[in-house]
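Here's the structure, in structure tokens; my notes come after.
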Amino acid sequence: MNLFNTILRQLCGARYESISKSLLTAFILFLALHTAGIRLTVAPFILYLASTLFSVSVMWQTLCGNRLSEILQGMLAVPFDRKNLVFSAVFALSGYTLTTKTAILWSIFFAVSAWNISELLTALLCGVHACLVSAAVFLLCKKKKLFSSLFRILCIPGVLFLIRSLKTVPAMALAGSAGALLYLSFADAYRLYHLPVQKKPIRYTKAGGSFLLYLLRYLRRNKNHLLNTAGLCAAACFLPLLFRSSEELPLLSFGFPMLCLNTPLCTLLSGSPDLEQSIRALPGQQKRFCLPYCLFLSAVNCSILSVYLCAWQIINGSIHITDAGCALLFAILNALLSVLLEWFFPIRNWKTESGLWHHPRKYIVPLLLTALIVFVEILKC
Amino acid sequence: MQNPSLLSIRNMRIWYTPDTPVLNGFSLNLASNEAVGLIGLNGAGKTTLMRTIAGLLKNFRQESLLFKGSPFSFRDKDFLKNRYIVFAEDRSFPYFTFREYLAYAAASYSMPLPDVSGLVEGFQFEKYTDTLLKELSTGNLKKVFLITAFALHPALLLLDEPVNGLDFQSAEYLYQLISGYRQYGTVLFSSHILESICLTSDRILVLEQGQITKSFITKETKPDSIREALRP
């Protein structure tokens, strides 16, 4: 078996089942949306930008994840062909990203709007380009860490924004992909492997053993979790602007479930099988684990929804005390449902961190809460 | 005189897939205040048995299950408070320090914070008590859970491969702890190192083909004869 297949199997399962499941999901989603007759006018530029940004974020997350290092560790322990290993890893990761994640996004875009064949091919090309350039930038950043964050955030969408002219997008994507492939052919395979970072250990001398404290530390010491929470706060500021145009519809409450979608915090047990095992082995954890976890999620949700309500008041005005009460109720309800889901149905057998973060389970609670809002609005009418 | 029975399992079947049980027709009797070593080849089912007794696995059936002479289930609250398990590999609670984890575990067992100064000294762990568990090496992490286990004094202590990852001195100290645990309760521990089991246990059970196939009383048997009996 060649290296490409070996890596892809470890990412997608022995029979590539993640790929077949995701493609089936994308197909069902496409059929459902198409049959429902939902039609929107979407500019091709938005499709290209969404394909690029989404693929970059998933590819980057997979490249940064520990799973890749676990996969590569065994391969780097035996003599290997540098070029073969780099290309196999990058192509396998790109295949995984495009087929299991971006394909679902494409199915939504393709179902709700009419596209011609050149636009479809350009969107696919943008996805491939995003994956290849992400891998090249990732390896480059490992060499020069100084500008890594800025570069990875701004580079690809920046280029797309700058060129603007739609006819040049395929040419730019092709040129970018060729450049990335050229760089990858000289890249060092060891840079795909993460060495554990040695930091000076911090000492905590209080012996409280409070699980709330544990959760606060869990949030504070995980950069991705903090960024995700900060991103939700940013979205809370931005959503009132987006909802401004539809004054007839009660859109305020629809923001509540969207802003409670804090995936990394809601997958505490799923993300750490060892923690789940230990928690389940200790007695009395319904009280000692579930209660603080629920309180913690409620507090985080409340903070984000407070930002949302303040932003709404500044932009649109007319916030009542009942809206604040409603936000509090949603924050608690979301936390409670998330903890129940995590306790009774933790996500198991995920292959990469990206697979865990993008697991369809994360949409269950927001969908339930959205259905609740719709139900309440229907009752009101 | 034989100590009263602590745990009795009769004719148990454990499986991950129903067609291929890991343990089948398995029976075990543990007396109060004894140390029992469990030995078997890789894949014999030692960890599966430990995880089942800890209440983590659901796929099992048995003819009878008795704890201190009364029927029970592995997830009963009373049983949970009477046992503690140290897993072979455990990277849980990465954002607690040892002291915080100990306080959390003690509170879970409704116990006051135990004095662990002797255990910390014995395992030479003084430098790491206030460091986050995620920053500890494999051996030091193992010590966190071993110290907690011996500090809580549960009636039944389950140790899955407790020697793995420990340095020579800590392993010797662990042997002393296991031998001396009889005053608090019963230890069931698995290991691949025959010497460690011979040094510490009252009985040695051999797990093969999903059942206990051989049993040795340690003080009546020499390690070489156990080794000979284990050869296929």
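By convention in this document, chain letters (A, B, ...) are assigned in the order of the sequence lines, proteins followed by strands, and residues within each chain are numbered from 1.
Ranked by heavy-atom pairs under 4.5 Å with chain B, the list A/R280, A/Q277, A/K287 is led by A/Q277. Interface remark: of the candidates B/A105, B/A106, B/P94, B/S110, B/P94 forms the most heavy-atom pairs closer than 4.5 Å to chain A.
If you measure heavy-atom distances from B/R51 to chain A, the contacts under 4.5 Å come from the side chain alone. For B/F79, no part lies near chain A; criterion is any non-hydrogen pair under 4.5 Å. For B/L56, the part lying under 4.5 angstrom from a heavy atom of chain A is the side chain only. In this structure, no portion of A/L215 lies under 4.5 Å from any heavy atom of chain B. Heavy atoms of A/E276 lying under 4.5 Å from chain B are absent altogether.
Between B/K134 and A/R217 the shortest side-chain heavy-atom distance does not fall below 4.5 Å. Inter-residue side-chain proximity for A/P283 and B/K77 is flagged as unmet; no heavy-atom pair is nearer than 4.5 Å.
Smallest separation of non-hydrogen atoms from A/R288 and B/A107: CZ-CB, 3.3 Å. Residue B/Y104 comes nearest to A/G209 through the heavy atom pair CD1-O, 3.3 Å, listed as atom of the first residue, atom of the second, then distance.
No more than 12 heavy atoms of other residues, nucleotides or ligands lie within 6.0 Å of CG in B/D78, so this atom counts as exposed by the packing criterion. Within a 6.0 Å sphere centred on CD of B/E89, heavy atoms belonging to other residues, nucleotides or ligands number 12 at most. Within 6.0 Å of OH in B/Y128 there are 12 or fewer heavy atoms belonging to other residues, nucleotides or ligands. The number of heavy atoms from other shown groups lying within 6.0 Å of CZ (B/F72) is above 12. Atom CG of B/L41 has 12 or fewer heavy atoms from other residues, nucleotides or ligands within 6.0 Å. The environment of OH in B/Y16 is crowded: more than 12 heavy-atom neighbours from other residues, nucleotides or ligands sit within 6.0 Å. Within 6.0 Å of the CD atom in B/E121, the count of heavy atoms belonging to other residues, nucleotides or ligands does not exceed 12. The number of heavy-atom neighbours closer than 6.0 Å to CD of B/Q169, taken from other residues, nucleotides and ligands shown, is 12 or below.
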(request) Please lay out, stage by stage, how B/Y101 and A/Y214 fare under the test side-chain contact (heavy atoms from CB on, under 4.5 Å). (result) CA-CA 10 Å; B/Y101 173 71; A/Y214 178 90; over 6 Å; no
(request) Just do the side-chain contact (heavy atoms from CB on, under 4.5 Å) check on A/S278 and B/F87 with the steps written out, would you? (result) CA-CA 9 Å; A/S278 289; B/F87 296 104; 4.2 Å; yes
(request) Could you please spell out the steps behind the side-chain contact (heavy atoms from CB on, under 4.5 Å) verdict for A/L275 and B/Y95? (result) CA-CA 11 Å; A/L275 179 66; B/Y95 298 100; over 6 Å; no
(message) Show, in sequence, the C-alpha distance, side-chain angles and deciding distance for A/D274 and B/F93, and conclude whether the side-chain contact (heavy atoms from CB on, under 4.5 Å) test is met.
(response) CA-CA 8 Å; A/D274 276 2; B/F93 295 102; over 6 Å; no
